[in-house]
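Here the structure comes first, spelled out in structure tokens, and everything after it is commentary.
Each ligand, and each atom within it, is numbered from 1 in the order the structure gives.
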Amino acid sequence: MIKIHNTLSGQKEEFIPLTPGKVKMYVCGPTVYNYIHIGNARPLIVFDTVRRYFEYCGYEVNFVSNFTDVDDKIIQRANEENTDATTVAETYIAACKADMEALNIREATHHPRATEEIDGMIQMIEELIAGGHAYEQNGSVFFRTRSFDGYGKLSGKNIDDLISGARIGVDEDKEDPLDFVLWKPKKPGEPAWDSPWGAGRPGWHIECSVMSKRYLGEEIDIHAGGEDLIFPHHENEIAQSEACSHKTFARYWMHNGFLKVDNKKMSKSLGNFYTIDEVLARYDGQVLRMFMLSANYHGPINFSWDGMEATKTARERIMSGYALLGEKRKTASDKPMEATFKQAVDERIAAFEAAMNNDFNTADALTQLFELTRICNTDITSESGTEAIDYARDAYDTMADVLGLIIERREERPDAEILALIEKRTAAKKARDFAAADAIRDELAAMGIVLEDTREGVRWKRV
Ligand code: AMP
Ligand code: ZN
């Protein structure tokens with residue numbers, strides 16, 4: 001039985017899917033105006049691990065994660081760089097995908113982009129207006145917050161306290177300062193789409209309500225993101241979606257705690273702001289992934305280079321243990337496995353599952369990988385047979401796979417070999433043989449090489 005800390009109730013609850021054997025899950029993705037930073041990597045890694053564990057338990061997971069590709073910050077960036085918002089978004093989506101690959105984050109079942117879902121947004125806004133939950137004013141459309149009874153149920157905020165809250169901007173077009181924007185009228189130099197209320201663009205919150213509905217339906221199992229999204233983003237998503245559907249939008253709300261650097265909020269001005277690339281220049285993506293999983297997702301995590309170094313050493317221990325099994329297997333006898341050894345390994349797997357069942361406690365789950373290493377280092381000797389070794393290796397593979405960790409040592413390939421493969425892939429793409437191009441990309445990925453298609457050509461890095 002999997003238990004999930006549900007922000008909605010503040011309790012750990014047993015996970016009961018809407019449809020037996022299936023999980024419908026939506027994770028709010030990044031706004032693509034820059035390279036993603038290590039804080040953004042936390043929800044990516046954590047919820048990828050949640051998905052992997054559900055799949056290990058036999059669930060079929062429909063995992064949707066969006067890219068917010070229209071936003072003030074993207075437009076500002078485009079103006080600074082003398083380009084357009086689409087180019088900015090394309091650049092950073094490609095970079096984000098390369099970062100995700102470096103962190104062994106699997107592709108979502110669907111990766112919708114806000115700009116490709118505008119029709120659905122217009123439709124939902126029309127429904128909200130028809131239902132009395134929204135109104136148009138001078139080309140803007142606002143959500144009538146007080147018209148939704150459950151407002152505040154996720155964040156625990158009381159609607160009357162919010163009125164005096166400093167975060168609510170005063171806008172003359174709004175009936176009530178609590179109302180939030182669904183549609184913004186076009187400003188010069190901004191991307192815009194036609195709508196019944198004139199040219200404009202959607203507000204951020206409506207994007208996720210619509211993309212979640214389109215790919216997962218009106219009711220979903222899990223909606224997730226960083227804890228900063230609880231209010232107002234997720235609260236507003238609930239209001240929009242439930243005002244339309246009159247159904248429970250998401251049953252479980254999962255939020256990861258924040259990543260700090262040297263116990264301080266990460267910020268450019270403090271000089272403690274790191275992109276994934278900056279970390280990958282010093283450490284394998286796997287070290288960052290393991291570091292992120294070494295703390296419970298729900299609480300904060302403190303990034304430091306010392307912490308990364310310690311994680312690297314710890315990872316080495318697991319990899320050596322695993323490699324040693326491979327070595328010993330070469331000369332192993334056919335002696336059957338001893339019952340006590342089997343039991344010790346089974347106990348590690350059971351403890352691993354218990355940890356993951358307990359609100360995806362990856363820190364405790366990782367401990368079991370170290371415990372397994374300890375057991376193997378003492379119990380597997382030159383006398384051990386293949387049965388015991390294979391059993392232990394399977395246990396390693398199972399745990400590592402759920403956590404998205406690669407524990408096999410990879411052979412380092414020479415640059416020339418990699419460049420030749422990249423050239424072959426480019427040629428295949430030119431010939432429109434995309435299957436061949438993808439196969440080469442996969443081949444490179446298996447060697448630990450990640451590609452990024454940029455306007456200047458293909459960039460590659462080892463992860
Ligand atoms: P954004 O692009 O700012 O919307 O962020 C994308 C995702 O990263 C959201 O789920 C945020 O909550 C999350 N996030 C941003 N900064 C951090 C941080 N320092 N620690 C953990 N999660 C973060
Ligand atoms: Zn969202």
Side-chain angles (χ1 to χ4, degrees), residues 7 25-48 50 63-74 76-77 88-89 92-93 95-96 99-100 103 105 108 110-114 117 120-121 124 154-155 180 182 202-216 220 222-241 249-250 253-268 270 272-276 279 288-289 291-293 295-304:
T7 309
M25 181 164 180
Y26 186 96
V27 182
C28 290
T31 305
V32 280
Y33 67 99
N34 206 338
Y35 294 107
I36 62 163
H37 57 66
I38 51 175
N40 299 136
R42 193 172 193 202
L44 293 174
I45 293 170
V46 161
F47 298 117
D48 176 63
V50 167
F63 188 96
V64 180
S65 191
N66 67 295
F67 287 114
T68 297
D69 61 350
V70 55
D71 173 88
D72 291 344
K73 290 186 205 136
I74 299 174
Q76 192 189 333
R77 181 92 191 192
V88 170
Y92 295 114
I93 286 175
C96 179
D99 287 341
M100 285 169 64
L103 298 171
I105 293 160
H110 301 282
H111 261 306
R113 300 178 187 195
E117 310 286 340
M121 296 175 202
M124 189 179 271
L154 182 71
S155 54
F180 58 88
L182 300 172
W204 173 36
H205 316 303
I206 195 77
E207 297 176 0
C208 286
S209 280
V210 168
M211 291 185 272
S212 178
K213 178 178 166 188
R214 160 116 193 249
Y215 294 95
L216 298 170
I220 72 169
I222 300 172
H223 196 112
E227 66 185 8
D228 57 324
L229 301 185
I230 298 173
F231 186 86
H233 185 53
H234 288 163
E235 197 69 65
N236 291 355
E237 279 188 47
I238 293 178
Q240 297 161 157
S241 296
F249 174 42
W253 287 83
M254 292 180 74
H255 292 101
N256 64 271
F258 253 44
L259 174 137
K260 290 184 172 187
V261 175
D262 296 326
N263 281 314
K264 293 187 202 85
K265 186 176 169 18
M266 190 167 49
S267 83
K268 289 219 163 100
L270 287 176
N272 65 356
F273 181 98
Y274 301 114
T275 63
I276 308 295
V279 174
L288 184 58
R289 181 164 183 125
F291 173 80
M292 292 283 186
L293 297 177
N296 185 347
Y297 79 90
H298 196 240
I301 189 170
N302 184 39
F303 178 90
S304 67

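Of the protein's non-hydrogen atoms, Pro43 CG, 3.8 Å is the one closest to atom 13 (C) of ligand 1. Taking atom 12 (O) of ligand 1 as the reference point, the nearest protein heavy-atom neighbour is Asp228 OD1, 2.3 Å. For atom 17 (C) of ligand 1, the nearest protein heavy atom (residue, atom name, distance) is Phe258 CZ, 3.4 Å. Residue, atom and distance of the protein heavy atom nearest to atom 15 (C) of ligand 1 are Asn40 ND2, 3.4 Å. Nearest protein heavy-atom contact of atom 23 (C) of ligand 1 is Gly39 O, 3.4 Å. Looking only at protein heavy atoms, the nearest one to atom 19 (N) of ligand 1 is Leu259 O, 3.2 Å.
An N or O contact shorter than 3.5 Å links Thr31 to ligand 1 by distance.
A heavy-atom separation below 4.0 Å is found between His37 and ligand 1. Ligand 1 has at least one atom lying under 4.0 Å from a heavy atom of Gly257.
Here is the list of ligand 1 atoms found below 4.0 Å of a heavy atom in Gly226: 10 (O), 12 (O).
Considering just the N/O/S atoms of His233, the one nearest the Zn ion (ligand 2) carries the name NE2.
Proximity of Leu229 to ligand 1, defined as any heavy-atom pair under 4.0 Å, is confined to the side chain (atoms from C-beta onward). Residue contacts with ligand 1 for Asn256 involve side-chain atoms from C-beta outward but no N, CA, C or O (heavy atoms, distance under 4.0 Å).
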